[in-house]
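Down below is the structure, laid out as structure tokens.
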Amino acid sequence: DAKTTQPTSMDCAEGRAANLPCNHSTISGNEYVYWYRQIHSQGPQYIIHGLKNNETNEMASLIITEDRKSSTLILPHATLRDTAVYYCIVRVKGATGANSKLTFGKGITLSVRP
Amino acid sequence: DTAVSQTPKYLVTQMGNDKSIKCEQNLGHDTMYWYKQDSKKFLKIMFSYNNKELIINETVPNRFSPKSPDKAHLNLHINSLELGDSAVYFCASSQLPGAYTDTQYFGPGTRLTVL
């Protein structure tokens with residue numbers, strides 16, 4: 001799996017948009033960008049994934065650059081409950097065998113302030 | 001209804017003991033995983049089972065032995081516990097690898113403390 005790099009931490013004000021960047025300059029053509037988050041003392045939670053088109057669901061939007069070397073996760077209206085560690089992961093979708101695992105990096109700690 | 005459940009939530013034990021952590025998923029998934037999160041918060045895969053068959057076995061001491069009695073359960077047994085085994089262990093499940101939707105769903109974790 002390609003490696004990803006994320007800032008260590010960031011914060012944003014409650015109600016504002018949180019834009020979380022991720023670099024994945026060595027991503028392969030068949031690799032997707034996945035985002036998971038881990039709220040304190042809980043298990044990781046899936047947020048969204050995409051290949052090259054922008055994606056949106058009820059939780060967030062994912063913007064992937066045209067060259068696919070970086071992406072941004074957008075939480076449009078951050079709340080205090082969005083305070084968590086956010087992981088950007090690159091992997092082949094539907095990978096089988098040993099590649100079916102998720103390889104977590106250090107993630108970015110998002111702190112939402114009142 | 002809890003999708004992926006683990007028991008116990010907390011486990012405190014002495015060095016040298018043998019303990020088990022249980023995991024159950026009611027999502028009808030075929031694949032289950034064990035991840036370990038150490039004190040530095042790094043999450044790493046340990047094992048995965050696909051329909052009761054071992055698929056992934058990362059570099060984990062053989063004191064750790066996963067057991068899958070059926071595809072809804074994946075238990076983790078640890079022999080001769082050591083201080084370094086102290087961590088949070090997460091179980092996860094997903095549909096069959098290769099399926100269109102391969103989101104992994106995680107349990108709440110089991111915090112193991114070895115004294």
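Side chains included, hydrogens not; waters and symmetry mates left out as well; all remaining heavy atoms used. Here is the naming used below: chain letters follow the sequence lines, and residue numbers restart at 1 for every chain.
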Between [atom1] on residue [X] and [atom2] on residue [Y], distance to nearest 0.5 Å:
{"X": "T103(B)", "Y": "I47(A)", "atom1": "OG1", "atom2": "CD1", "answer": "11.5 Å"}
{"X": "E58(B)", "Y": "K101(A)", "atom1": "CD", "atom2": "NZ", "answer": "4.0 Å"}
{"X": "Y33(B)", "Y": "L102(A)", "atom1": "OH", "atom2": "CG", "answer": "7.0 Å"}

Apply side-chain contact (heavy atoms from CB on, under 4.5 Å) to the pair K44(B) and T103(A), showing each step before the final yes or no.
CA-CA 7 Å; K44(B) 290 186 179 179; T103(A) 301; over 6 Å; no

Within a radius of less than 6.0 Å around CZ of R113(A), do more than 12 heavy atoms belonging to other residues, nucleotides or ligands occur?
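More than 12 heavy atoms, drawn from other residues, nucleotides or ligands, come within 6.0 Å of this atom.
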
Only pairs of heavy atoms separated by less than 4.5 Å count here; which of Y87(A), Y36(A), Y34(A) has the most with chain B?
Y36(A)

Run the side-chain contact (heavy atoms from CB on, under 4.5 Å) test on Q42(A) and F90(B) for me, step by step, so that the C-alpha distance in whole Å, both residues' side-chain angles and the decisive distance to 0.1 Å come before the verdict.
CA-CA 9 Å; Q42(A) 296 184 21; F90(B) 290 99; over 6 Å; no

When hydrophobic residues are tied together by side-chain contacts of less than 4.5 Å, even through go-betweens, does [X] share a cluster with [Y]?
{"X": "Y89(B)", "Y": "Y49(B)", "answer": "yes"}
{"X": "I78(B)", "Y": "I45(B)", "answer": "no"}
{"X": "L62(A)", "Y": "M59(A)", "answer": "yes"}
{"X": "M46(B)", "Y": "L11(B)", "answer": "yes"}
{"X": "L43(B)", "Y": "I21(B)", "answer": "no"}

Using side-chain contact (heavy atoms from CB on, under 4.5 Å), reason through F106(B) and Y46(A) one step at a time and then give a plain yes or no.
CA-CA 9 Å; F106(B) 286 78; Y46(A) 166 81; over 6 Å; no

State whether the side chain of Y105(B) and the backbone N or O of Q45(A) hold a donor-acceptor pair below 3.5 Å, judged by distance alone.
no

Check the pair F42(B) / K106(A) against side-chain contact (heavy atoms from CB on, under 4.5 Å), numbers first and verdict last.
CA-CA 7 Å; F42(B) 289 115; K106(A) 297 180 181 179; 3.3 Å; yes

Residue part contacting chain A, namely of Q37(B), when any heavy atom lies under 4.5 Å
side chain

